Amino acid sequence: MNQQGELIQVNSDQDVVRVRQLVRTVAVAVKLSLVDQTKLVTAASELARNTLVYGGGGTVEVTTVDNGRRPGIRIVFADQGPGIVDLDLAFTDGYTTGSGLGLGLSGARRLVDEFDIVTAPGAGTSITVTKWCR
Ligand SMILES: Nc1ncnc2c1ncn2[C@@H]1O[C@H](COP(=O)(O)OP(=O)(O)OP(=O)(O)O)[C@@H](O)[C@H]1O
Ligand SMILES: [Mg+2]
């Protein structure tokens, strides 16, 4: 069940900072533990940076959710960029087509409870992550 969501356009470093701040605020509001707050903010920061750098900018939507047993946070990162041609390669630690460490995608996936990616060459990338309260 979805509740209120907030959308941030990501076109600059400052927008990535806004994403971090919003995710922290919502994580506190749904009472994620301090450790889980930090994990989610870290994951969101990596994915928003990918949206900016590789996706050419896009949107981040932060929504509170409730599965009937516990609350959580869902975040969708979407861009209309080039897409990811080889997903296995992109999730390999150390693989980068830029100047990064190649740890963002793999790290982000480990830091959340659910991670879904939809991407196709030329058709952009959409990544949905969820973190549940425990
Ligand atoms: N939104 C995206 N659109 C297109 N390609 C992407 C996107 N996100 C990631 N990629 C591709 O996947 C690769 C791996 O991403 P990942 O975040 O793991 O590493 P990185 O961004 O290169 O380095 P790091 O995140 O460690 O600074 C990127 O180098 C890029 O080729
Ligand atoms: Mg990255």
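Start at 1 and go down the list; that is how both ligands and their atoms are numbered. Quick caveat, the model's predicted, so the values are computed rather than measured.
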From Gly55, Gly98, Gly100 - option closest to atom 27 (O) of ligand 1 by heavy atom: Gly100
Arg110/Asp93 ion pair, N-O < 4.0 Å: yes
Expected output: side-chain Lys131 to main-chain Leu111 donor-acceptor under 3.5 Å: yes
Among Thr125, Ile127, Val10, side chain to side chain contact (heavy atoms under 4.5 Å, CB included) partner for Asp79: Thr125
Shortest protein heavy-atom distance from atom 9 (C) of ligand 1, along with the residue and atom involved: Asn50 ND2, 3.7 Å
Residue part near ligand 1, for Val53, under 4.0 Å between non-hydrogen atoms: neither
Closest protein heavy atom (residue, atom, distance) for atom 29 (O) of ligand 1: Thr97 N, 2.8 Å
Minimum non-hydrogen distance to atom 12 (O) of ligand 1, winning option of Gly102, Ala78, Ala90: Ala90
Shortest non-hydrogen contact from Leu32 toward Cys133: CD2-SG, 3.7 Å
Flag for Arg20-Ser45: side-chain donor and acceptor within less than 3.5 Å: yes
Intermediate values then yes/no, side chain to side chain contact (heavy atoms under 4.5 Å, CB included), Thr128 and Glu114: CA-CA 8 Å; Thr128 302; Glu114 295 170 24; over 6 Å; no
For atom 18 (O) of ligand 1, closest protein heavy-atom neighbour: Leu105 N, 2.9 Å
Residues, nucleotides or ligands: over 12 heavy atoms within 6.0 Å of Glu61 CD: yes
Donor-acceptor contact present, side-chain Asp36 to main-chain Ser33, <3.5 Å: no
For Glu46, the ligand 1 atoms whose distance to one of its heavy atoms is below 4.0 Å: 25 (O)
Side chain to side chain, Phe91 and Ile84, heavy atoms closer than 4.5 Å: no
Short N/O/S contact of Thr96 with the Mg ion (ligand 2) (below 2.8 Å): no
Nearest neighbour in protein (non-hydrogen) for atom 22 (O) of ligand 1: Thr96 OG1, 2.4 Å
Residue portion contacting ligand 1 (non-hydrogen atoms closer than 4.0 Å) for Arg49: neither
Atom 10 (N) of ligand 1 [closest protein heavy-atom partner, distance rounded to 0.1 Å]: Ile84 CD1, 3.8 Å
Steps toward side chain to side chain contact (heavy atoms under 4.5 Å, CB included) verdict (Arg134, Asp113): CA-CA 11 Å; Arg134 54 192 86 247; Asp113 294 322; 2.8 Å; yes
For atom 20 (P) of ligand 1, the protein heavy atom that lies nearest, with its residue and separation: Tyr54 OH, 3.5 Å
Part of Thr125 within contact of ligand 1 (heavy atoms, under 4.0 Å): side chain
Nearest candidate to atom 4 (C) of ligand 1, where distance is taken over non-hydrogen atoms, out of Ser99, Gly83, Gly81: Gly83
Leu101 neighbourhood, listing ligand 1 atoms whose heavy-atom distance to it stays under 4.0 Å: 23 (O), 24 (P), 26 (O), 27 (O)
Heavy atom of the protein closest to atom 1 (N) of ligand 1 (residue, atom name, distance): Asp79 OD2, 2.9 Å
